[in-house]
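This report refers to the structure that appears directly beneath it.
Along the sequence shown, residues carry numbers from 1.
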Amino acid sequence: MERTGPTVRFSGLLAAATAAVLAAGALVATAPAAGAADVDLARNGGFESGLDGWSCTAASGAVVSTPVHGGTKALKATPAGSDNAKCSQAVTVKPNSSYTLSAWVQGSYVYLGASGTGTTDVSTWTQSSGAWKQLITTFRTGPSTTSVSVYTHGWYGTPAHYVDDLTLVGPGGDPVVIPAVPAGLKTTAITSSSVALSWNAVSGASGYNVYRGGTKVATATGPSATVTGLTPSTAYSFQVSATNAAGESAKSAAVTATTTAGGGGGGDTKLPARALVGYLHSSFANGSGYTRMADVPDSWDVINLAFGEPTSVTSGDIRFSLCPVAECPNVESEAEFKAAIKAKQAAGKKVLISIGGQNGQVQLASTAARDAFVTSVSKIIDTYGLDGLDIDFEGHSLSLNTGDTDFRSPTSPVIVNLISAVKSLKAKYGSDFVLTMAPETFFVQLGYQFYGSGPWGGQDPRAGAYLPVIHALRDDLTLLHVQDYNSGPIMGLDNQYHTMGGADFHIAMTDMLLAGFPVAGNTSRVFPGLRPDQVAIGLPASTQAGNGHTTPAEVNKALNCLIKKTDCGSYQTHGTWSDLRGLMTWSINWDRFNNGEFSRNFDAYFGN
């Protein structure tokens with residue numbers, strides 16, 4: 001959120017891949033003649049049965065009917081962020097035997113290879129293939145090798161590529177046996193909307209299916225998974241099975257889990273079913289003019305006071321005061337301000353202190369800063385009789401230290417201390433405490449592609465840095481309203497980039513929050529979706545308020561798609577989110593400057 005005009009802040013993330021890596025060409029081998037006993041061991045190498053037998057990273061793999069090399073289907077694989085769109089298959093082979101691996105490919109930087117050979121793993125690739133091109137490589141298995149993994153993948157940041165008619169020719173191995181039933185199924189974490197599960201690994205399994213109430217709801221390549229999109233205070237039954245090329249095992253013994261009741265979201269906090277959230281320029285003036293608290297229109301259900309700011313970046317000591325008379329000639333007295341807050345609360349409105357903004361960098365890098373934050377924010381809340389806290393940390397307030405790679409168990413002090421501080425405030429004020437957050441897309445949805453400095457370093461350490469905070473506080477969180485503005489293009493769950501300013505951007509960005517997503521493409525680290533009543537869409541109120549202004553007609557299209565699953569355009573949501581809480585805007589002042597266009601459209605859409 002900005003005191004002045006819009007500023008786009010969207011950092012580059014990855015250095016370009018080194019020329020040496022991509023220029024190290026691989027020779028295409030000439031296929032030797034197959035022996036009399038040799039057979040094609042690859043399962044569904046023409047992808048005529050979809051992805052049966054194949055395991056693809058994240059959401060990278062899909063089967064298409066055009067283009068194809070042979071038959072009627074081919075694989076389309078799309079790299080996304082740190083995911084190179086790898087699709088692999090375990091194949092049973094014989095020890096001390098020679099094999100020829102081949103596939104037809106189309107696209108740039110397409111790789112074909114085999115690993116686990118017991119000798120020298122092999123791969124080959126093509127730099128650019130506008131037409132179908134055959135890749136071929138050979139290998140010999142080691143003296144005790146009975147299984148190898150064959151795979152294809154692309155390169156980071158490149159467009160989709162295609163694979164068809166993949167074969168692995170050589171002596172057939174011993175028949176694959178259906179794996180045993182998984183044992184040891186248990187829950188490892190439960191929230192109001194998700195259940196994390198783990199079980200014992202099964203020898204010979206290439207994957208696992210997770211069932212909820214007898215219906216398959218997830219797949220996993222390792223012995224753990226998180227089931228999302230669940231209802232609070234509800235009992236569920238889960239089972240898991242193991243799979244490989246021979247088929248699927250029977251389901252395991254069931255384990256039951258009851259989701260937590262959750263926090264916030266309209267129960268204890270008494271928000272309306274559809275809420276309009278706005279920021280009030282209380283401590284400063286800008287081109288929109290100063291609006292007195294008593295003059296805030298009744299349309300606004302949550303009023304965030306902008307801003308509480310620290311005495312220094314690392315002090316944790318937050319201060320708030322009304323705009324100086326010299327800057328805001330029409331500012332009310334502090335007594336009038338407090339009285340107006342009480343009047344708004346008597347009318348059912350919530351008034352919060354918003355911490356941060358564009359200029360208010362807050363880094364709780366020490367426990368002393370954490371404690372100062374709790375003490376100073378409490379003083380502001382008590383002084384003005386506020387209902388809670390809005391976290392609007394921007395810029396360099398949150399970042400992840402090198403090696404902090406799992407959003408479920410953060411180690412960076414600025415993250416850990418913020419979580420601890422907010423939990424202390426929630427404990428102090430109880431169930432009526434309203435907690436909202438207004439991160440930028442860079443810190444949330446970008447986490448689908450990038451998280452922190454990444455496994456190889458070089459990425460912006462702020463990428464996805466809000467995810468551990470949201471996750472740790474999800475049961476205390478009343479509303480998350482990501483700023484769908486001042487943003488660069490962001491990849492959605494359809495692995496396409498979406499650009500701010502139209503319905504499509506809000507649909508894709510909001511759907512990610514509600515459906516959940518693998519962080520940095522890692523399917524073993526899935527950020528669970530939030531409840532729809534915990535989510536509002538953040539937009540600028542006018543063209544002057546920020547880059548990415550969306551017209552009322554496009555706002556309504558986004559609401560229609562998310563709530564009613566109509567007007568969706570090219571992006572298809574992963575659910576019908578009928579309980580979506582509402583909208584947030586920067587700001588109440590800019591909306592008044594724009595003759596109330598934003599709030600009037602909200603009231604008209606929801607019949608207020």
Run the side chain to side chain contact (heavy atoms under 4.5 Å, CB included) test against [X] and tell me which residues pass, sequence neighbours left out.
X: Ser252; value: Val181, Leu185, Gln239, Val240
X: Ser237; value: Ala254, Thr256
X: Thr367; value: Arg370, Asn417
X: Asn560; value: Lys564, Thr566, Asp567, Tyr605

Validation row, ring centre Tyr109 to ring centre Trp155 under 6.0 Å: no
When you measure from the side chain of [X] to the backbone N and O of [Y], does any donor-acceptor pair fall under 3.5 Å?
X: Ser55; Y: Ser88; answer: no
X: Asp40; Y: Leu168; answer: yes
X: His481; Y: Met437; answer: yes
X: Gln363; Y: Val414; answer: no
X: Ser149; Y: Ser115; answer: no
X: Arg43; Y: Val91; answer: no
X: Thr573; Y: Gly575; answer: yes
X: Thr510; Y: His506; answer: yes
X: Asn244; Y: Val177; answer: yes

Cation-pi check, Lys86 onto Tyr151 ring (under 6.0 Å, within 45° of axis): yes
Arg462 NZ/CZ over Phe450 ring centroid, <6.0 Å and within 45° of normal: no
Derivation of the salt bridge (charged side-chain N to carboxylate O under 4.0 Å, His left out) call for Lys423 and Asp476: CA-CA 8 Å; Lys423 284 187 174 292; Asp476 299 312; 3.5 Å; yes
Using side-chain hydrogen bond (donor to acceptor under 3.5 Å, both in side chains) as the criterion, list what pairs up with [X], not counting sequence neighbours.
X: Asp164; answer: none
X: Arg212; answer: none
X: Thr436; answer: Asp390
X: Thr117; answer: Thr119, Asp121

Parallel, tilted or perpendicular: ring planes of Phe393 versus Phe373, cut at 30 and 60 degrees: perpendicular
Parallel, tilted or perpendicular: rings of Tyr111 and Trp125 (30°, 60°): parallel
Ring pair (Phe, Tyr, Trp, His ring centres under 6.0 Å) contacts in which one or both residues fall within residues 207-260, not counting sequence neighbours: Trp199-Tyr208
If we ignore angles and hydrogens, is there a donor and acceptor under 3.5 Å between the side chains of [X] and [Y]?
X: Ser487; Y: Glu440; value: no
X: Lys94; Y: Thr141; value: no
X: Gln483; Y: Asp392; value: yes

Spatial distance of atom CD1 (Ile419) from atom NE2 (His471) [nearest 0.5 Å]: 9.5 Å
Straight-line distance of Cys87 SG to Asn84 CG, nearest 0.5 Å: 9.5 Å
Set of ring-ring contact (aromatic ring centres under 6.0 Å, His included) partners for Trp54, sequence neighbours left out: Phe47
Partners passing ring-ring contact (aromatic ring centres under 6.0 Å, His included) against Tyr162 (at least two apart in sequence or in another chain): none
Residues Phe505, His498; criterion ring pair (Phe, Tyr, Trp, His ring centres under 6.0 Å); working and verdict: CA-CA 5 Å; Phe505 190 69; His498 300 268; 7.6 Å; no
Salt bridge flag under 4.0 Å for residues Asp406 and Arg525: yes
Chi angles and distances behind the side-chain contact (heavy atoms from CB on, under 4.5 Å) call for Asp484, Val482: CA-CA 6 Å; Asp484 286 0; Val482 175; 3.9 Å; yes
Of all pairs that satisfy salt bridge (charged side-chain N to carboxylate O under 4.0 Å, His left out), the ones with a partner from residues 227-256, not counting sequence neighbours: none
